[in-house]
Structure formats: structure tokens, C-alpha cells
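Here's the structure we're looking at; comments come further down.
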Amino acid sequence: MVFQTVRHKSPPLAGLAARHLQDLRRRDFVAGAALIDGRWIAGEQRDAVVDPATGEEIAEVARCGAADMNLAIAAAERAFAGWRELLPAKRGAILKSWASLLLDHSDELAVLVTSEQGKPLGEARYEIAYAAGFLEWFAAEGERAYGETIPSHKPASLLQVRIQPVGAAAAITPWNFPVAMITRKAGAALAAGCPIIVKPAPETPLSALAVARLAEEAGIPPGVFQVLVGNPIELSAPLLRDTRIRALSFTGSTEVGRLLLKGAAETIKKVSLELGGHAPLLIFDDVDLDKAVKGAMAAKFATSGQDCLAANRIYVQRGIYDAFVDAFAAAITQLKVGHGLEPATDIGPMTKLSVANKCMSQIDDAVRRGARASSAYQDGSLGSNFVPPTLLSDVTEDMLIAREETFGPVAAVLPFDSEEEVVARANASEMGLAGYVYTDSLRRALRLSERLEYGMVGINTASFTGPPIPFGGWKQSGLGREGSRHGLAEYMELKYVCFGDLAA
Ligand code: NAD
């Protein structure tokens, strides 16, 4: 069964991103220079940045190597003493200026994000505001890194716990939120008093380098925030090996997270990992159908599905299953696929061809095994990074899409009968990032919020992330938390101090 609406063909997309980039007032945003120790490095070798919608080259960036990374590590270590000495309020003021600069340049940054990442411009603008929010939030939270005084178990003594910055940190960031995943890590590190070196994804370096320009303008001193682009293995090796890097934060695939955790074991760094998801969305038949469909649309199709929070397995109770599938299919067919810079676009290209290919193979596998597919219209002239928004219904647990993360605009719907059964199915995954429940029963909502084995649970909402919440997963979805006071703790060490012999 294929639902398709007829639409007009898109206008030619060739040159669209390049024209937008040419119009940017801030030419330095597309210079493609890395930031090492306060210097902008154009690089002897340059790598191409590509518009994922068309495959066209839109810019070049410096290709940094291991020697550059060693310089950056030394600079971060040198910068640590001065940065940690600044009063938290002063560090906070700098973070706030950085946030304001991000917001002031929101339109230009959004063009960069859309041009290299592919997401619709409106979502890119939202990401800039979301990203700035982390800087503002941590600017204040840095002033609240209180220690403790412990009632003593020893006579004439005073027991204190202090919280101190761990040292120079490193961040390896993904391409799906190329600005916000930097500020979520850097906001916490800098507020804690730690310099941070960022290695962004090679697909989305322009956004990261523009964020670095604004960091410099905000008054972040040399060596405190550095961005190096290049081969991930070559650049991460020195970070892993060097004892001066005390903390490593990574967002990306579980496979790479596992490699980095092993690599960091040599020097026993503090490691925080935000890895893949495989989120279940449980829809019970007591809910309002419209609300459930809106929730499923938001939980599945934001960021064109390239979101670790995306609802990957949508379990729908038998009583509303058919009605839900019809209404969900109708909503999906309304989605407009196109270039993110076109105003009407809901779903852009996948940033990486490998992600698009994985989606298509999951669709093929599911259909071969008996799932029903219905897709939104997609102009045939769009390139191979595009995946038509697709509903797969009657999905069974043996299908690839039910067993592995999708990371694209493909929704898998599976029927269920009882609460007991669906909780077992939802928890039968090695991933444990986020889960969603739609139900009108308060008792059931409370029960499920306890029983789901996920780091984050949304009850009757598909939108719950933001600076004050501890973002992170259970099981193989990661270690540690980002955002919230727990996110600050990833860059801090406890120090217990015992004052003895205090008797007069
Ligand atoms: P990835 O894990 O390969 O890339 C993420 C980051 O890791 C990038 O900066 C990349 O350059 C870096 N990297 C890659 N290999 C590395 C290595 N050997 N050593 C050090 N750094 C390395 O992710 P991907 O291949 O681009 O995407 C594949 C899948 O990863 C996606 O389909 C999705 O499932 C998952 N992913 C998850 C998130 C998330 O938000 N949790 C983000 C991006 C990708």
C-alpha cells in the first residue's frame, strides 16, 4: 500500500547553498580556518565541505593533523591555570556574551547549519537558540558548584568536600546538531573552569568554526576554546593518549563510543558518552488519537529523523492501531521533502549517504518480511541522500528496523495487546536513551515511568530536552549526563579535605 500525494517538482537546487553562503556578511564564517591557541590556521591541506542535498562542494576547511592537536593540547594545558582562577561570575559573563553573539548571528549560523547539515532552516534557527541556552544556563550554574561540609566522624575535625575543575577537556561532536552539541559540552566545561578542545564531525565543520569565531569575540582567552577539523582517528589519537586531557566527552555512534572508551582507558580519563538511541514510543488506546499522532510526528520527524531521541519503535495498542496507522500515514504524506534552504521544507537530506542507505535497506528488509509501507511524495530528481518520509506498519521484532537505530525519516509501527507485553518489548534493547508513553491513565503513566529502562522518559510529550535536564542514556546508549548540574559534574573532581587537631 503506498499513499502518495502529487506535488509539483522542486526548482533546481544546484548552487542554492553556495548562493546563500556568498550572501553572508560574515565572510570569516566560511574561511574554514581552525582555531588553535588563539591563532586562525588556514592549513596547508584543505578538505571540501559538501551540501548534502546536492553533493556540491560549498567551502573548504583546514585539515589539521596530529601535530596541530599536540599544539592545541599544550595550549589548553597552559590556559587552564588562568581560566580556573577567574571567578565563576566572570567566566559566566563571558559565556553569556558568547550566547548573545550566537543569538545575534542566528540567521547566518542557521544558513551554515542547513548548508552543510541539511536540516530545514527553521530547525537550524531553533538549534542556535537551543545552543545558546546551554551557554546561558551553565553561565549561571558555574556559580553554584557548591561543595559540602560533612558532619564529622572524628573528634576536633572539620570535613569538607570541594568541587574543582578536572583539567583540560576534549569534545568529539556529531553532525546532527553541529552547534548545540558543542555548546552543551563547552558550556559545562568552561563554566567548570576547564579549557576544551573540540573536534567536530568532518561533515559539519563550518558551524563549529563560526561558533569558535564568536567564542573569540566573546572574550574567551587563547587556548580555552579551540576547534580542530580533520581526520577523526588522527585527531582523536593524541587526545586519548595525552595525560593532560583529563576529560573526554563524545556524542555519536555506540561503535565509536566503545572505541573511545577503550582508548581513554590507557590514561583513565573521565569519559562521558552520548551514544545511539532506539527509542520506544508506547501509545495506549485510551489516548486522544490526534494528540498521539502529533506526538509521533514530533518524536519521529524532527531533524529529518536524524536524532538520537527519535521514536524508532512506535508500539500502538490494538484498540486504536488501525485508526492510528491511517491518521499517521495521512500526516506523513503532508511532509514536504526538499532542500533545507527552501522555505516549505519539512524533511531535508540525510547528512551522510551511509545514513540514507541504512534507511533504505531497513525499508527493503521490512517490506520483504511483510511490513506495509506508505511514503510521502519525493521528487525523483532529488539526490541519493534523500529518504522519502515513510511509514512502515505491521512491523515485527525480527525486522532490522525493530532491532537497530534508524536515524532517518522512517517510522516503524508495531501493534501490541497488553501493558506487560509492551514494557518487555520496549526494554528488550541494548539501547536505553529515551522512551515515550502516551496514555490517559495516571496510574499507568506512573508505573511505566518506573519500569522503562531508559535514561529519559517523556509522558504524553515528545518534547522534553533543554539545558536544565540531565540528558543521557542507560545501557549502551552512554555514560554520564549532559546539561543540568550533572552535566557540570562531568568536568569536575571531588576533593575531600579533613582538618584535624582543631581542639583549642
Ligand atoms: P560517528 O560516531 O562515526 O561520528 C560521530 C563523531 O565521531 C564525528 O565527530 C566523527 O568524526 C567521530 N569519529 C568517527 N570515527 C571516529 C574514530 N574512530 N575515532 C574518533 N572519532 C571518530 O557517527 P556517524 O557514522 O557519523 O553516524 C552513524 C550513526 O551514529 C548514526 O546513524 C547514528 O546512529 C549515530 N549517531 C548518533 C548521534 C547522537 O546524537 N547520539 C549523532 C550522530 C550519529
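Each ligand, and each atom within it, is numbered from 1 in the order the structure gives.
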Which residue and non-hydrogen atom of the protein lie closest to atom 18 (N) of ligand 1, and at what distance in Å?
-> I233 CG1, 3.4 Å
Just checking, is any N or O donor in the side chain of T243 or K269 under 3.5 Å from an acceptor N or O on the other one?
-> no
State the atoms of ligand 1, each with its element, that fall below the 4.0 Å cut-off from a heavy-atom position in K352.
-> 24 (P), 25 (O), 26 (O)
Do S272 and E482 meet the criterion of a side-chain donor-acceptor pair at a distance under 3.5 Å?
-> no
Apply the test side-chain contact (heavy atoms from CB on, under 4.5 Å) to residues S374 and T390: give CA-CA distance (whole Å), side-chain angles for both, the deciding distance (0.1 Å), then the verdict.
-> CA-CA 6 Å; S374 62; T390 298; over 6 Å; no
Is it true that R425 and E397 make a salt bridge, defined as a side-chain N closer than 4.0 Å to a carboxylate O?
-> yes
Going by the 4.0 angstrom heavy-atom rule, the piece of E255 near ligand 1 is neither
Ranked by distance from atom 43 (C) of ligand 1, the top protein heavy atom is P174 CB, 3.6 Å
N/O separation below 3.5 Å, T251 to ligand 1 = no
With a 3.5 Å cut-off and sequence neighbours excluded, list the donor-acceptor pairs that the side chains of residues 187-196 form with protein atoms.
none

Short side-chain donor-acceptor distance under 3.5 Å, T465 and Y130 = yes
Does some non-hydrogen atom of K199 fall short of 4.0 Å from ligand 1?
-> yes
For atom 12 (C) of ligand 1, the protein heavy atom that lies nearest, with its residue and separation = I172 CG2, 3.8 Å
With R213, which residues qualify under side chain to side chain donor-acceptor pair (under 3.5 Å), at least two apart?
-> none
Options G277, S236, C308, ranked by nearest heavy atom to atom 19 (N) of ligand 1, top entry = S236
Between N176, V256, T254, flag the one that comes closest to atom 14 (C) of ligand 1 by a heavy atom.
-> V256
Counting from 1 in the order shown, the ligand 1 atoms closer than 4.0 Å to a non-hydrogen atom of L260 are 20 (C)
Under the 6.0 Å and 45° cation-pi test, does K119 pair with F177?
-> yes
Checking heavy-atom distances from atom 36 (N) of ligand 1 to each of W175, F250, F177, F407, the winner is F407
Per-atom contacts of ligand 1 with P202, taking only distances under 4.0 Å to non-hydrogen atoms = 11 (O)
Where's the contact between L275 and ligand 1, heavy-atom distance under 4.0 Å: side chain, backbone, both or neither?
-> backbone
Kindly indicate, with the supporting measurements, whether the criterion side-chain hydrogen bond (donor to acceptor under 3.5 Å, both in side chains) is fulfilled by Q117 and S207.
-> CA-CA 9 Å; Q117 198 277 344; S207 322; over 6 Å; no
With respect to atom 35 (C) of ligand 1, which of S253, C359, P205, P200 exhibits the smallest heavy-atom separation?
-> S253
So which heavy atom in the protein is nearest atom 34 (O) of ligand 1, and how far is it from that ligand atom?
-> E405 OE1, 2.5 Å
Identify the protein heavy atom lying closest to atom 8 (C) of ligand 1, giving its residue, its atom name and the separation to 0.1 Å.
-> T173 O, 3.5 Å
Between T345 and K336, do the side chains contain an N or O donor and an N or O acceptor separated by less than 3.5 Å?
-> no
Donor-acceptor contact present, side-chain E60 to main-chain V49, <3.5 Å | no
Best match, A201, P232, G263, S354: closest heavy atom to atom 21 (N) of ligand 1 = P232
